[in-house]
Structure formats: C-alpha cells, structure tokens
Amino acid sequence: MQAVLFDLDGVITDTAKYHFQAWKRLASTLSISIDERFNERLKGVSRMDSLKRILEYGGLSNHHFTSIQLEQMAEQKNNDYRQLIQGITPKELLPGISELLTALRSKGIKIALASASKNGPFILERLKIDTFFDSVVDPAKLRKGKPDPEIFLTAAAQLGIDPKECAGIEDSVAGIESILAAGMFAVGVGVPENIGAHFRVASTTELTIDALFSHFKHN
Ligand code: BG6
Ligand code: MG
C-alpha cells in the first residue's frame, strides 16, 4: 500500500448531513419531500446529477426546466450548503481521521482526495488538514462521476502511484463501485455488506494504519 485515496463527505467529516439539509430545503421549494433513505442515493453523486435525481424522484423530469433554471437550483442548494459549512472547525473531523493522516504521513504513504465535491479544498482548509494532502482531484475536470473509476484513477495518476498499490476509502455505494472499477483496494465506512468492499468498518475509529496494512491485498 503506497497511497490512500480519501473520499471527503462521510469519511473525513460528516458533511453528508449538511448536503442532505440543503437538498431537503431546495426539494421542499418544489413540493418534493426527500428522506434519509432517498439521500443514500445522492451520496458520492455530483451536484447536478443529485438535482436531476431529486427532480425525477418528485416526478418532475429535468426536461421541464431550462439549463439556466437547473443551474439556478443547483446554485441555490450550494449557497445554502456553503452557509452550513462556513463554521466548520477541526472538531468536526470524524474520529480517528487525524491520527490516520498523521500515521500515513510518518510512514511516507501518499495521501490524496478523491471527492466529487467542488467544496473539497475549502473544507480541508477549514478542518486544517489541507497540508496532509499530496494531491486533490478537481472534480470539475472529470468527464464521469462515481461509480465510474475516473476520479480514483486520476488521483493515483496525479500521485504517480500504480492503482494496484492504492487503497480507497468511501462511505457511498457509488464510491465503492468506483474504487473497485479502478482495481484498487476498497475500504467501506458503514457500507452495505453486499457491494464488494474488501474491508468494511462500522466507524472511522477502526481506520487505523495497522488495520489498513493488515487487510490490504492486491486485487
Ligand atoms: C459528494 C457528496 O462528496 O460531493 C454529494 O457525497 C455531493 O452529496 C457531491 O453532491 C458534490 O458536492 P458539491 O460540494 O460540489 O456540491
Ligand atoms: Mg462520501
């Protein structure tokens, strides 16, 4: 294992709840009601694709809207979301993440961010962990989102590490599929049993460097 590629929302910090709040609010302006269960289908999914899934769920085809209207709705959600994350501090790092980053760095293991979120760099700075990252993938430059492997393969390429030597950590089904499709070792946080993650943990407290090393295997 020469590199660890992290998802952000739901792995490093619990911003998944803020995404949900902001989407719920936007959906209610369209008289669409979404719940936590539906929200699982939005995890790891880009902003615009999430909006389209919500509209479809509410029985409103996205073809009923102009692309300008879609952009405005996505922007509205992002403005709400930005307000919710404005005050994030290092206290909102999920347990064990700070220790894991420190241990990886001390062993010379490369660290990258493979998040679909365009707010990723801002959140890393707020959490005061940006300096741990050797590389951050810019999701705006990708052609395909998770579950396509592009984001994890791009992270490995940016680090100059063979995908086989990489572990990816994810909390979403789409994210685990993306890691597996990239031919990497897939670590799932709170993910269902049947989606093929190589190593599953219930909580980030279990994400120690020793646990990663002892479970890591080449695919
Ligand atoms: C992912 C989240 O990390 O980023 C999704 O799991 C979110 O819920 C996506 O939609 C895009 O985030 P942003 O911050 O660019 O709207
Ligand atoms: Mg996530």
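Numbers here simply count residues along the sequence, with the first being 1. Note that ligands are numbered from 1 as they come in the structure, with each ligand's atoms numbered from 1 the same way. Heavy atoms only: backbone and side chains are in, while hydrogens, waters and symmetry mates are out.
Counting only heavy atoms of the protein, atom 6 (O) of ligand 1 lies nearest to Gly44 N, 2.8 Å. With hydrogens left out, the protein atom closest to atom 15 (O) of ligand 1 is Lys118 N, 2.7 Å, a heavy atom. Scanning the protein heavy atoms around atom 7 (C) of ligand 1, the nearest turns out to be Val45 O, 3.3 Å. For atom 1 (C) of ligand 1, the nearest protein heavy atom (residue, atom name, distance) is Asp9 OD2, 3.3 Å.
From Lys146, atom NZ reaches atom CD of Glu170 across 4.0 Å, with rounding to the nearest 0.5 Å.
Without hydrogens or angle criteria, Glu206 side chain to Ser203 main chain gives a donor-acceptor distance under 3.5 Å. Using modelled atom types, no side-chain atom of Arg200 and backbone atom of Gly188 make a donor-acceptor pair closer than 3.5 Å.
Among the backbone and side-chain atoms of Asp171, an N/O/S atom is found under 2.8 Å from the Mg ion (ligand 2).
With a heavy-atom cut-off of 4.0 Å, Leu42 touches ligand 1 through its backbone alone. Using a 4.0 Å cut-off between heavy atoms, Ser117 contacts ligand 1 through both its backbone and its side chain.
Interface atoms of ligand 1 facing Lys43, defined by a heavy-atom separation under 4.0 Å, are 6 (O). Using a 4.0 Å cut-off to heavy atoms of Ser115, the atoms of ligand 1 that qualify are 3 (O). Set against the non-hydrogen atoms of Ser50, the atoms of ligand 1 under 4.0 Å away are 10 (O). Atoms of ligand 1 found under 4.0 Å from any heavy atom of Asn119, numbered from 1 in the order shown, are 13 (P), 14 (O).
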Please report the C-alpha distance between Tyr18 and Tyr81 in whole Å, then the side-chain angles of each, then the deciding distance to 0.1 Å, and finally whether the ring-ring contact (aromatic ring centres under 6.0 Å, His included) criterion is met.
CA-CA 6 Å; Tyr18 299 134; Tyr81 177 67; 7.0 Å; no
Give the C-alpha distance, both sets of side-chain angles, the deciding distance and a yes or no for side-chain hydrogen bond (donor to acceptor under 3.5 Å, both in side chains) between His19 and Lys77.
CA-CA 8 Å; His19 279 295; Lys77 180 269 175 177; 2.8 Å; yes
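Nearest to atom 16 (O) of ligand 1 by heavy-atom distance, out of Arg47, Met48, Lys77, is Arg47.
Both Leu94 and Leu84 belong to a single network of hydrophobic side chains, linked directly or stepwise wherever heavy atoms of I, L, V, M, F, W or Y lie under 4.5 Å apart.
Salt-bridge annotation for Lys144 and Asp49: absent, with no side-chain N of the basic residue lying under 4.0 Å from a carboxylate O of the acidic one.
Between Asn78 and Asn119, the side chains place a donor N or O and an acceptor N or O closer than 3.5 Å (distance only, hydrogens not considered).
For the pair Arg105 and Phe133, the NZ or CZ position fails the cation-pi test of under 6.0 Å to the six-membered ring centre and within 45 degrees of the ring normal.
Taking the Mg ion (ligand 2) as the corner point, the angle from Asp9 atom O to Asp7 atom OD2 is about 100° (rounded to 10 degrees).
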